[in-house]
Amino acid sequence: MNEGLTGLERQEGDITQKGYEKKRAKVLAPYLTQTQNLAPPPAYDAESPGPSSASAPEPGPSNSSSSSSRHRRTRRPHRSGGTRDERYRSDIHTEAVQAALAKHKEEKMALPMPTKRRSAYVQSPIDNCTPPDSSSSSDDEAVSSESTGPQQSPDTWINSSLHGSSTSSSASSTLSHGESRPTQAPQPQSQQVPPPPALAHPPHSHSQPSALAEAFAQTRIDPVGGVGPPDVPSQAQARGSRVDLPANAVVRGMSRGQSRSSMMETADGTDSFISVRECVLVRLSHPTLPDPDPGVGVPVSSRVSTKIQQLLNTLKRPKRPPLSEFFMDDQEEIVEVPQVDPNTPKPEGRQIIPVKGEPLGVVSNWPPALQAALTRWGATQGKSPALTALDITGKPLYTLTYGKLWSRSVKLAYTLLNKLGTKNEQILKPGDRVALVYPNSDPGMFWVAFYGCLLAEVIPVPIEVPLSRKDAGSSQVGFLLGSCGVGLALTSEICLKGLPKTPTGEILQFKGWPRLKWVVTDSKYLTKPSKDWQPHIPTANTDTAYIEYKASKEGTVMGVAVSKVAMLTHCQALTQACNYCEGETLVNVLDFKKDMGLWHGVLTSVMNRIHTISVPYAVMKACPLSWVQRVHIHKARVALVKCRDLHWAMMAHRDQRDTSLASLRMLIVADGANPWSVSSCDAFLNVFQAHGLKPEVICPCATSPEAMTVAIRRPGVPGAPLPARAILSMTGLSHGVIRVNTEDKNSALTVQDVGHVMPGALMCIVKPDGPPMLCKTDEIGEIVVNSRAGGTMYYGLSGVTKNTFEVIPVNASGTPIGEIPFVRSGLLGFVGPGSLIFVVGKNEGLLMVSGRRHNADDLVATALAVEPVKTVYRGRIAVFSVTVFYDERIVIVAEQRPDASEEDSFQWMSRVLQAIDSIHQVGLYCLALVPANTLPKTPLGGIHISDTKQLFLEGALHPCNILMCPHTCVTNMPKPRQKQPVGVGPASIMVGNLVAGKRIAQAAGRDLGLIEDQDLVRKHQFLAEALQWRAQTDPDHTLYVLLNAKGVAICTATCVQLHKRAEKIAAALMERSGINIGENVVLLYPPGIDLIAAFYGCLYAGCIPVTVRPPHPQNLSATLPTVRMIIDVSKAACILTTQVLTKILRSKEAAATVNIKTWPIIIDTDDLPRKRPPTIYKPPNAEMIAYLDFSVSTTGMLTGVKISHAAVSALCRSIKLQCELYSSRQIAICLDPYCGLGFVLWCLASVYSGHQSILIPPMELESSLTLWLGTLSQYRIRDTFCSYSVMELCTKGLGGQTDMLRARGVNLSCVRSCVVVAEERPRLALTHSFSKLFKDLGLSMRAVSTAFGSRVNLAICLQGTTGPDPSTVYVDMKSLRHDRVRLVERGAPQSLPLMESGTILPGVRVIIVNPETRGPLGDSHLGEIWVHSPHNATGYYTIYGEENLQADHFNTKLSFGDPQTLWARTGYLGFVKRTELTDSSGEWLESTQPFVLSTWKSLCTVVAQSATNVYNSGAQPWSWRSTFLRSSAPTLTKHT
């Protein structure tokens, strides 16, 4: 009975809330005016058991266990595709249907019958009201009716209607077919009041008003754990309170089984009980999750109209799955997840305590703002040098004094605020953002612009100089400018002249940039302010002072806003930590626009009146020792460098021996946070210690754009011991813990400290992932800092700001350690002894592989350690990760030296693989070497990692050497595919012993029996005879027209001309000794009419032609071996070719690649004598081989198939019917004519059908892109065939020139069908782009379609001249994982678009087969596509003669169903789905479509993007079938 109730609950529906309120008011109106002195109805007591044991079952163990198991089944959430659940298993559904049908024989099921709506105002006596059917009541009600006898009083069934309820569709949908709601045993400690009537079933009785009033009044919330008094809360109390119920709470007025589930979702999104809304307000759980302890729902009889019932049924039908199902990716159930090693090291220390830096001292002469310091030095120390710039040779170019810096900055500030607009409306106002665009070779102009902006109180945003539209990261810089609202750019006159410009002289609009106004800041363009104008210099506050750009791991450029007080405080902290003094000299090698170069070389230096000597990057490239020379000449006290500067200076020190570094008191290493910087520091010290360099002056530091300077090592006291270093285990670091390395020295990492925390700062270590929980003392985490000297936000990006700049660390229990916010630095490290800070990596370079952390810098260092001098160009190596199969995989890309040999490169690559595997215990996914200077660069010459990664993902790196090693890194392999059981259901079709759903997955084209040219087929069943017949009956009809690159017809062939040329070639073959009938002859011709004539000449002579693509003259080493391989495999007795190719085959270049002495007989067909063969060969039967079709797949697999004369005639006849080809037709062909359908269209179809083919060699498009499209327009071509390469050339080369083509008169409105021919998966994006781009030239969006063939059948699908419009369907990819097919709507997540790829040809039958059992499948199953057609290939051409392979692939049979028909196996996976299509007139057509997905032998997960249509002349006037493709080359072919 419960199963029946479940089905009934599914069928029930609810009317709207508004309708319910209206109906309720009408029903209650008569009662509210009557007296209330009637006796109350009998109390409904859940504790009183009925006479039957079914009403109160004993809570025995078995009952409870079964009930709990059903509860678990009911509560289990639906999943979308990661498991093989019920939604993909038809046997579960059919078994449920069978069970329901069996129950139906025993029980009478009460279904709500649609009737006319009764008016609530028609008051009928109680005797005329129909009591509810007993079969639709609950078990308890059935028991009570039995105990009261056969007569049922009106009170009883009115109460029964009051006690009934209806569950909403959302609640009932959690139960699958066949599942029943468990029966709840009575609870002795709680009393239940029955729920009010269902919305859709109000009572029609108008007696016993107190029954309704009592029920409504007693609807309330039951207190937890006991029985409350029957008091009635007021409406105000009920409305004003919301009670959060625990899991075991009971709601009065509802049965326990409907608690939290018998709810309805109203139109406004709120949830309400199906009861009086004013009386019950509770906290709702998820509406689709049932109560942990549900009872039995009690439906009542229905009284709704037919239209409402239909509407409810429509709404309840699951049109689309819940959105959550699309995003549930059950990775653990798809792949084999490696087990966690129990010996994995884990942190064992105590929780870390925040580390506090020394107090920030207060110095009396510190300025109140940085601008005030410039004012002071400009007035009092005007002649003191502030900046010395160097030229390209490393010599001083100019020196900017503090006086000049002050005066020029004031002039710029005045100009910005007063001279850029009109008097009434200035362009700039204080607080606006401006971009500073200055080259690294001109620091003086940048200093003036930066301080001029500070004095004008506008916010400078320093960026790099754009060089072209294709700069790496150019669009990301545009995102920065847009997010900061920049509309004005300051630059110098020289820089402005060097910017790329349009032909009209305007600055080029860079990709992704907002429109900018450019202002030149050279002194001659500035206005001197009046004497009474002075810049406003307020005390440092929280307003933004400047914005520094920062690139994330993904390449996004964001702006870190630094406030004025943070800028000043940071300068003070650096002054205290570095002990800066007035008048010192500082050599800066870093970029002065950001980071340490800006903080020390521009800001802190001005605050302390330091003389800065700026060494630009261009000088360092020319003379790496220039900064050392500057230190020696100027006796500099401080130097700002990077590890690379130390390295290159050390390499070039032999050229300069008289330098002294004794004056240095501090050598700040800006990238000291790099763990491998210690080696550069040690090597530099060993070399230059003899030149006066003291060990204690080397001061590494750790910085980030967000937290600014995190820590810096203070300059040491001479003679004091240096800080200790940590030798850490690489394995421990990969697991995020600190372990001292004691065993393997190769896998050890030596790190040096970066000093102590900055003055006035508070620092702690938190976990990098998840909540910011404090780490343990032996755990690696992210450094977070609280300080006044740090960034305040990502400008314009409030959402990202909160996660970085407002972090509050928590302890192990989740309690915040305080209220002050910390800033994430992005540095990974730990606190060592003496509160020294150690940094082991950055978040940006973190690679998570199989749960372990690897640092990109560590991998770069390992690769550089493998003697890269002979192979890697200037040490340029990029390391990043790509996601492959649910995990990150490591990719290393390096630039190869121009003089490196291939042998040296692969030797280095193999050694790098071994080194990384032994040191880091991780495998590489890809190691690639690209030509020198081809990787995208950053402005300072480094590698742009994110752009390099994007090029790798797009396949645009073009490596010269590459090693792909997926087997060493992909450890989470897919689980083996489980066999799907096939169940028996009542709606299935029996085929032998197979149940294949409602219909067998098969499709067929139209019949080939009735055609127009009966005489041609009957008399001339061989193609050679067809050519002879046409030469006699219509000799002057032109069959072929060959065009050159200019679109001029350079050669034509009429029927008689082609016949005579074929006779000459046949005579030449017959004259040669050693060439016998039935031997193979290779045709080596460029695309043209010579190839066609040679083919028919072979047929006339009785030889078997083998078409081969000729070698490329400029690339013989790569193309000639393929020619040689086909000649050897086919055992050709002769080569027919042209005079030019004959010379190439016998040239010295060819001799360097292959052995030219073993060529078979070569016949030059250019100048043959006019001879006729004595006889024209006629095959004894049509099953003889007509030609061999050889094809080389993209994986290098050579496959040759035998095509018989019968297959040739059948294929040509099928194409003739499909495309409606006849003598007056004209088609254009632009594809390679060497194999597959391309060869058939180029050489065979015109001779058979008589139409004219305009031949366009694809190679001609390289010199004339408009050739193909221009030909279509010039000749008014209706049907054309092309390849994907041709379509891609036109899309990329002509996509932006549609206006030019239209001006030249190109009009494509004549094109009715444009078919792409290929034996690969269709490219949906390319075909759509082509259609959209050339729509402006009149090309119809429905014109472009694709064809599909395979090795066993060259043409399965081909778009015809009539048929429905090409359509695209969307398939749920998660269903495909489980061999099931589900169509979804466009735009659904994880949907796979499949485009039509032509109509199934006449005479072709396809069927979907289980490749293991070889039995047919249902139309919703995924299986291998088998094809039966008269133009199937005969078999593989192999010199080994393996008959087993031939029978398995070309002549196989179904194991049951139709075991007589012979099928050929395509090797493609597919399915058949019935869809709805429309033809060109808009008429609806039913369609059964086979979809091709992938090769079944491979674990291919490439997305399918194509389809085909089928014409069928069956009982219906129109019936269409389509095939959808997914894979490129079938793996069922034999490697010959």
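These numbers come from the heavy atoms of this one structure, side chains and all, not from hydrogens, waters or symmetry mates.
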| message | Between Arg874 and Glu895, does any side-chain N to carboxylate O distance fall below 4.0 Å? | response | no
| message | To the closest 0.5 Å, what do you measure between CG (Leu935) and CZ (Phe952)? | response | 12.5 Å
| field | Carboxylate-amine/guanidinium contact Lys870 Asp899, below 4.0 Å | value | no
| Donor-acceptor pair, side chain of Asn961 and main chain of Leu929, under 3.5 angstrom | no
| said: Checking the side chain of Asp1372 only, and the main-chain atoms of Arg1382 only, is there a donor and an acceptor separated by less than 3.5 Å? | reply: no
| request: Would you check if there is a donor-acceptor pair between the side chains of Gln896 and Ser905 at a distance under 3.5 Å? | output: yes
| Taking the side chain as C-beta and beyond, is there a heavy-atom pair between Pro936 and Leu951 under 4.5 Å? | yes
| said: Closer than 3.5 angstrom, by distance alone: can the side chain of Ser825 be matched with the main-chain N or O of Ile783 as a donor-acceptor pair? | reply: yes
| message | Between Leu1376 and Val1381, is there a side-chain heavy-atom distance shorter than 4.5 Å? | response | yes
| request: Verify the neighbour count for atom CE of Met651: are there more than 12 heavy atoms of other residues, nucleotides or ligands below 6.0 Å? | output: no
| message | With heavy-atom distances below 4.5 Å as the criterion, would you say the side chains of Leu859 and Leu847 are in contact? | response | yes
| task | Report the C-alpha separation of Glu844 and Ser552 in whole Å, then their side-chain angles, then the decisive distance to 0.1 Å, and conclude whether the side chain to side chain contact (heavy atoms under 4.5 Å, CB included) test is met. | result | CA-CA 7 Å; Glu844 295 176 2; Ser552 67; 5.7 Å; no
| Residue pair Pro931 / His958: nearest heavy atoms and the distance that separates them | CD-O, 3.8 Å
| task | Verify the distance criterion only: is there a donor paired with an acceptor across the side chains of Ser734 and Arg852 at less than 3.5 Å? | result | yes
| Under 3.5 Å, is there a donor-acceptor pair between the side chain of Asp778 and the main chain of Glu348? | yes
| request: Could you tell me whether Ile727 atom CD1 has more than 12 heavy atoms of other residues or ligands within 6.0 Å of it? | output: no
| note | The reported gap from CE in Met650 to OG in Ser680 (rounded to nearest 0.5 angstrom) is 7.0 Å
| request: Name all pairs fulfilling the salt bridge (Lys or Arg N to Asp or Glu O under 4.0 Å) condition that reach into residues 941-967, sequence neighbours left out, sorted by first residue then second. | output: none
| message | So does Arg1323 get a backbone contact from the side chain of Tyr1284, meaning a donor-acceptor N/O pair under 3.5 Å? | response | yes
| Under the 3.5 angstrom rule, does the side chain of Asp671 hit a backbone N or O of Ser677 as a donor-acceptor pair? | no
| said: Rounded at 0.5 Å granularity, tell me how far CD1 in Ile916 sits from CG in Asp858. | reply: 10.5 Å
| said: Please find the pair of heavy atoms, one from Thr862 and one from Ala915, that lie closest to each other, and give the distance. | reply: CG2-CB, 4.0 Å
| message | Using only atom types and a distance under 3.5 Å, with no angle test, would you say the side chain of Arg889 pairs donor to acceptor with the backbone of Cys969? | response | yes
| message | Would you say that more than 12 heavy atoms from the other residues, nucleotides or ligands in this model lie under 6.0 Å from the NZ of Lys842, or not? | response | no
| field | Under 3.5 Å donor-acceptor, Glu1424 side chain and Gly1467 backbone | value | yes
| message | Run Val831 and Thr777 through side chain to side chain contact (heavy atoms under 4.5 Å, CB included) and show every step you take. | response | CA-CA 7 Å; Val831 180; Thr777 52; over 6 Å; no
| said: Any side-chain to backbone donor/acceptor pair from Asp887 onto Ser850? Under 3.5 Å, distance only. | reply: yes
| query | Should we count OH of Tyr925 as having more than 12 external heavy atoms under 6.0 Å? | reply | no
| query | Taking all non-hydrogen atoms of both residues, which atom of Ala878 and which atom of Ile943 are closest, and how far apart? | reply | CB-CG2, 3.8 Å
| task | Considering non-hydrogen atoms only, spot the tightest contact between His854 and His920 and give its length. | result | CE1-O, 3.3 Å
